[in-house]
Structure formats: C-alpha cells, structure tokens
Amino acid sequence: MKTSWRNASLVASAAAVLVLTTACGQESGTSSVGSQNVGATAAAGGYGGVGSGIGTGTSPSASSTVGGGQGNLGAQSASAGKLEVSANAELGDVLTDSAGLSLYRFDEDTAEPPKSNCNGDCATAWPPVPANDASAGAGIDKALLGEVTRADGSKQLTIAGWPAYRYAKDTKAGDLTGQGVGGKWYALAPTGKKASVASLPGLSTRNDPNLGEIVVDKNGMTVYRFAKDKAWPEPVSNCNGACLEKWPVVAPVSSNDTKDVQKKGLMSFTRSDGVKQQTVNCSPIYTFAGDKEAGDTNGQGVGGTWYAVRPNGEMVGVSDK
C-alpha cells in the first residue's frame with residue numbers, strides 16, 4: 001500500500017478545505033431528536049466462492065509455488081512446520097506455514113472450545129492444517145498453538161483456539177486470495193485474531209466480498225450511514241441518545257488522511273450535542289458497535305435504515321433520491 005497520499009502539498013490541502021467547507025452550506029450542522037432500534041442481520045456467504053482477496057504478498061518469489069501448480073492439495077495438506085509471520089501492506093502481520101502459505105480462520109468455527117465446522121467439500125477448498133510438527137517461529141507465542149480433533153479423527157492445528165486452514169487457490173507463498181471469501185474466511189494474525197492493519201488512513205476503502213467497495217475507518221471498521229439523516233443543505237444527524245451507543249460517530253478526518261474516498265463533500269460538522277462528526281459527501285457517518293473486528297459488516301441493513309457507505313457517499317443497496 002503506497003503512502004504518498006499522506007504527503008499532499010499544503011497548497012492543495014488548503015484548496016480542498018475551501019471546497020469542502022462550502023459544499024454543503026454551513027460547516028456546522030444541527031441535530032434533531034430521534035433514535036433507531038437495532039435489529040439484526042446475518043451476513044451471507046459460504047466456503048466455496050472466490051473472494052476478492054488482496055492479491056499476492058511481496059516477500060516470497062515465484063519459485064515458492066506450492067507443488068508448482070494450481071490447487072495442489074497434496075502439498076497444501078502437508079505439515080505446517082515452523083510457523084512464520086509475514087508482513088502484508090494491507091493486513092499487517094499474517095501467519096504463514098514454513099512454506100510461506102497464508103493461514104486462515106473460519107467464522108463458523110469456535111475457539112472456546114475449539115471446533116472445526118469445515119468438512120467435506122469445505123475441507124477440500126480449505127485444507128485443514130495438520131497439528132503434527134507445527135512449531136512457533138519468531139514473533140509467535142508457542143502457548144497459542146494447540147490442536148483439535150476433527151470429525152474424521154485427524155488432528156488440526158489451532159491458534160488461540162481457532163482451527164487453522166490453508167486455501168486451495170493460494171498457489172504460492174504470500175498469496176492471500178482467501179481473504180474475505182464468503183464473508184467468513186479471514187487471514188490469521190499471529191495472535192489468532194483476524195489479521196488487520198494497525199494504522200490505516202483516517203478513511204479508506206476495501207473490497208468486501210458481499211458488498212463491494214465500501215468505506216472503512218482507521219481501524220478497518222466498516223462505516224455506515226443512517227437513512228434518516230440529512231446531507232443537504234447541511235448535514236443533520238438524527239441518531240442521538242441511546243442510538244449513539246449502538247452507532248458511534250466517526251470523528252473528523254483530515255482530507256489528506258484519506259484514500260480512495262470522494263473528496264467533494266468530505267467535511268465535518270458540529271452536532272447539536274457539540275460533538276464534531278465526519279461526513280462523506282456531506283452525509284454523517286458512523287461505525288456499528290455490533291462489528292467486533294475489521295471486516296465485519298453486521299450493521300448492513302439493520303432496521304432497514306443503516307447501510308454501509310460507497311466511496312462516493314451512497315448507501316450500499318439503496319438508491320439515493
């Protein structure tokens with residue numbers, strides 16, 4: 001991930017600020033009373049489809065291709081050997097096996113107690129990592145390594161309780177094509193959590209396998225809009241009181257601390273409670289308390305009024321009128 005966007009000139013920034021502060025009328029908006037009951041939606045997904053992934057890592061060379069061909073499951077099911085930590089520009093630290101192949105976790109598994117719910121065709125697409133001969137390399141706490149007995153009696157490696165898998169369509173070291181597949185498969189961090197970058201731009205975008213390109217905050221958390229808010233002629237938030245406990249506001253972000261988000265209408269405003277809130281295309285934006293990790297989109301469609309945000313400020317799945 002290139003970082004030249006952080007070094008925009010002061011002259012360009014000043015011009016951008018002038019445009020943004022006049023795009024939606026006054027810089028300061030008001031907020032009317034109202035709150036939204038929170039419902040629940042389930043993310044769609046599965047194990048077999050190909051997600052957008054995030055491409056190939058930079059460290060290993062093409063010579064480390066697994067078995068020299070596509071989807072070599074014999075090699076994919078080999079022992080993990082000494083686990084390593086691979087740095088990825090978009091995901092931060094990613095756990096790999098001794099051959100540099102990325103390891104993944106499945107949202108439908110459990111860590112407490114450890115249990116794998118990927119069997120049959122699922123285990124063909126996502127070969128379980130055998131527990132035998134696995135050891136912790138530099139930067140990995142060996143106490144986090146364990147094993148779980150699968151339905152077929154074999155022993156699978158676990159990381160902090162989470163069963164570990166490879167992806168059959170990762171063909172060489174550094175590949176991360178399984179990232180986000182079905183909205184349920186994610187690269188493993190050395191801690192057993194989902195891998196995520198610790199320091200993203202204040203606002204940027206990611207390609208979600210179900211929703212497409214959406215805006216995320218500096219922690220990689222999905223950003224949402226409330227259909228009852230207003231953008232014109234000035235931003236107005238209608239999420240107050242208890243609503244804000246479920247939908248925290250996104251704090252102001254400098255326009256040159258963004259990447260791939262529309263600059264027009266990218267501004268902050270002052271709410272009626274005195275808190276400053278960020279907008280995308282003049283629409284107030286929030287995160288969702290029900291999203292626990294980067295990549296979660298549990299707020300999409302909640303109550304028929306909350307939706308993830310496109311880079312141009314539109315709500316995913318809703319036509320702005």
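The basis for the numbers below is simple: all heavy atoms, side chains too, and nothing from hydrogens, waters or symmetry mates. Along the sequence shown, residues are numbered consecutively beginning with 1.
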Do any N or O atoms from the side chain of [X] and from the backbone of [Y] form a donor-acceptor pair under 3.5 angstrom?
| X | Y | answer |
| --- | --- | --- |
| D291 | N298 | yes |
| D208 | G212 | no |
| S268 | Q278 | no |
| T110 | P113 | yes |
| D175 | T177 | no |
| D141 | A143 | yes |
| D93 | A189 | no |
| R105 | A187 | no |
| S79 | D133 | no |
| Q300 | A308 | yes |

Tell me yes or no: between the side chains of [X] and [Y], is some donor less than 3.5 Å from an acceptor?
| X | Y | answer |
| --- | --- | --- |
| K263 | T258 | yes |
| K276 | T270 | yes |
| S283 | N281 | no |
| S135 | K142 | no |
| T205 | E213 | yes |

- Taking the six-membered ring for Trp, are the ring centroids of W162 and F106 within less than 6.0 Å of each other?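 No.
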- Does a salt bridge link D97 with R166, judged by any charged N lying under 4.0 Å from a carboxylate O?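 Here D97 pairs with R166 in a salt bridge, since their nearest N and O are under 4.0 Å apart.
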- Query: With a 4.0 Å cut-off, would you call E108 and K184 a salt bridge?
  - Reply: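 Yes.
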With side chains defined as the heavy atoms from C-beta onward, is the minimum distance between [X] and [Y] less than 4.5 Å?
| X | Y | result |
| --- | --- | --- |
| T287 | T222 | no |
| Q156 | P163 | yes |
| F269 | C282 | no |
| M315 | V309 | no |

If the condition is side-chain contact (heavy atoms from CB on, under 4.5 Å), which residues does [X] pass it with, not counting sequence neighbours?
| X | answer |
| --- | --- |
| S254 | N256, D257 |
| Y286 | F226, D229, S237, C239, L244, W247, V249, R271, Q277, P284, W306 |
| K230 | V236 |

Single-linkage hydrophobic cluster, 4.5 Å side-chain cutoff, [X] and [Y] together:
| X | Y | result |
| --- | --- | --- |
| V253 | I285 | yes |
| V85 | V129 | yes |
| L103 | V148 | no |

- Task: Decide yes or no on side chain to side chain contact (heavy atoms under 4.5 Å, CB included) for Q179 and L91, but give the supporting numbers first.
- Result: CA-CA 10 Å; Q179 174 66 12; L91 290 179; 3.7 Å; yes
Over all heavy atoms of both residues, which pair between [X] and [Y] is shortest? Give the atoms and the distance, please.
| X | Y | result |
| --- | --- | --- |
| R150 | P128 | CZ-CG, 3.4 Å |
| Y167 | V181 | OH-CG2, 4.1 Å |
| D170 | L101 | O-CD2, 4.0 Å |
| P130 | N132 | CB-OD1, 3.1 Å |
| I140 | L83 | CD1-O, 3.3 Å |
| A168 | T124 | CB-O, 3.8 Å |

Got a second to check how far [X]'s [atom1] is from [Y]'s [atom2], nearest 0.5 Å?
| X | Y | atom1 | atom2 | value |
| --- | --- | --- | --- | --- |
| E234 | M267 | CD | CE | 8.5 Å |
| L157 | E147 | CG | CD | 9.0 Å |
| K259 | R206 | NZ | CZ | 14.5 Å |
| I159 | L145 | CD1 | CG | 4.5 Å |
| S102 | N88 | OG | CG | 8.0 Å |

- Query: Residues sharing L211's hydrophobic cluster, by side-chain heavy-atom contacts under 4.5 Å among ILVMFWY, directly or via others?
  - Reply: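 Members besides L211, by chain and number: I214, V316.
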- Query: By salt bridge (Lys or Arg N to Asp or Glu O under 4.0 Å), which residues pair with D107, not counting sequence neighbours?
  - Reply: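 Salt bridge (Lys or Arg N to Asp or Glu O under 4.0 Å) check on D107 returns K194.
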- Item | Pair V94-L176, side chain to side chain contact (heavy atoms under 4.5 Å, CB included): steps then yes or no | CA-CA 9 Å; V94 173; L176 278 161; 4.1 Å; yes
- Query: Hey, mind stepping through V215 and Y224 against side chain to side chain contact (heavy atoms under 4.5 Å, CB included) and telling me if it holds?
  - Reply: CA-CA 8 Å; V215 179; Y224 299 91; over 6 Å; no
- Item | ring-ring contact (aromatic ring centres under 6.0 Å, His included) involving Y104 - partner list, sequence neighbours excluded |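 Partners of Y104 under the ring-ring contact (aromatic ring centres under 6.0 Å, His included) test: W126.
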